[in-house]
Amino acid sequence: MIPTPDLSNLTRNDYDEVYEPAEDTFLLLDALEQDADALKAMTPKICLEIGSGSGCVTSFIGKILGPSVLYLCTDINPHACRCTRSTGVQNKIDIQVVNASLAAPFHHRLKHNVDVILFNPPYVPTTEEEAYGAQDSKNLEGAWAGGSDGMQITNIFLDRVESLLSSNGRFYLVALKQNNIPKICQAMEERHQLRGEVVLQRRAGREHLFIIRFVRINPAE
């Protein structure tokens with residue numbers, strides 16, 4: 001069993017500004033641990049997490065994949081970037097963090113070169129104004145306010161993820177039942193030739209959480 005990353009570097013004041021790891025985070029960690037052997041067998045070179053928050057997830061996959069991988073993270077929240085970097089140091093994982101929206105800095109530089117992509121998006125249904133306002137304010141609310149059907153921010157990235165994913169890459173997405181999992185998977189297959197599979201799901205209070213793993217329908221031989 002792979003231990004949860006040490007987050008003792010973070011304080012209550014940090015969690016006033018950054019999303020504190022919760023059931024959705026831990027479900028993603030469980031999915032990555034479940035796929036640990038397959039992930040290692042890929043011999044990935046680049047791992048990218050979108051919206052890294054505390055840095056818990058990338059520090060965890062860093063324990064699985066080891067130091068030969070380039071770990072990149074983005075977050076729109078500057079405080080989250082500092083926390084991610086600090087958590088990497090705390091857990092002896094070298095994480096390169098960029099203060100940016102989604103994967104904006106990487107679409108040209110890393111086209112079809114990212115082997116593992118991780119995204120626990122703002123998936124809670126809210127008004128459209130609330131979702132965009134949260135992204136503009138670059139604060140804690142941006143970690144959960146998802147707009148219409150909770151998919152407003154997620155859909156922006158889903159339309160771009162194929163251009164980043166390597167030929168045999170894997171993309172892990174956290175989603176809520178209200179996000180309409182079958183619709184997400186159908187759209188990704190029809191528009192981007194990425195096949196989605198629910199690899200884990202769990203009820204957490206009123207939320208029914210899912211981890212969807214996407215791979216190319218026609219991966220490289």
Applying the side chain to side chain contact (heavy atoms under 4.5 Å, CB included) test to T87, which of N91, V89, T84 qualifies?
N91
Using a 3.5 Å distance criterion without hydrogens, assess whether the side chain of S163 forms a donor-acceptor pair with backbone atoms of R160.
yes
Check Y15 against P21 and note the closest heavy-atom contact, atom names and distance.
CE2-CD, 3.9 Å
For N9 and C83, work out which heavy atoms get closest and say how close.
ND2-O, 4.2 Å
CD1 (I64) and CG (L32) are apart, to the nearest 0.5 Å, by 5.5 Å
Is it the case that D24 and Y19 place a side-chain donor and acceptor less than 3.5 Å from each other?
yes
Please tell me whether E190 and Q186 have a donor and an acceptor in their side chains that are separated by less than 3.5 angstrom.
yes
Pairs involving residues 37-46, ordered by first then second residue, that meet side chain to side chain donor-acceptor pair (under 3.5 Å) (sequence neighbours left out)
none
Thinking salt bridges, do D115 and R170 make one under a 4.0 Å N-O criterion?
no
With a 4.0 Å cut-off, would you call E162 and R191 a salt bridge?
no
Using the test ring-ring contact (aromatic ring centres under 6.0 Å, His included), find all partners of F157 that sit at least two apart in sequence or belong to another chain.
F119, F171
Which residue pairs pass the salt bridge (Lys or Arg N to Asp or Glu O under 4.0 Å) test with at least one member in residues 1-12, sequence neighbours excluded?
R12-E20
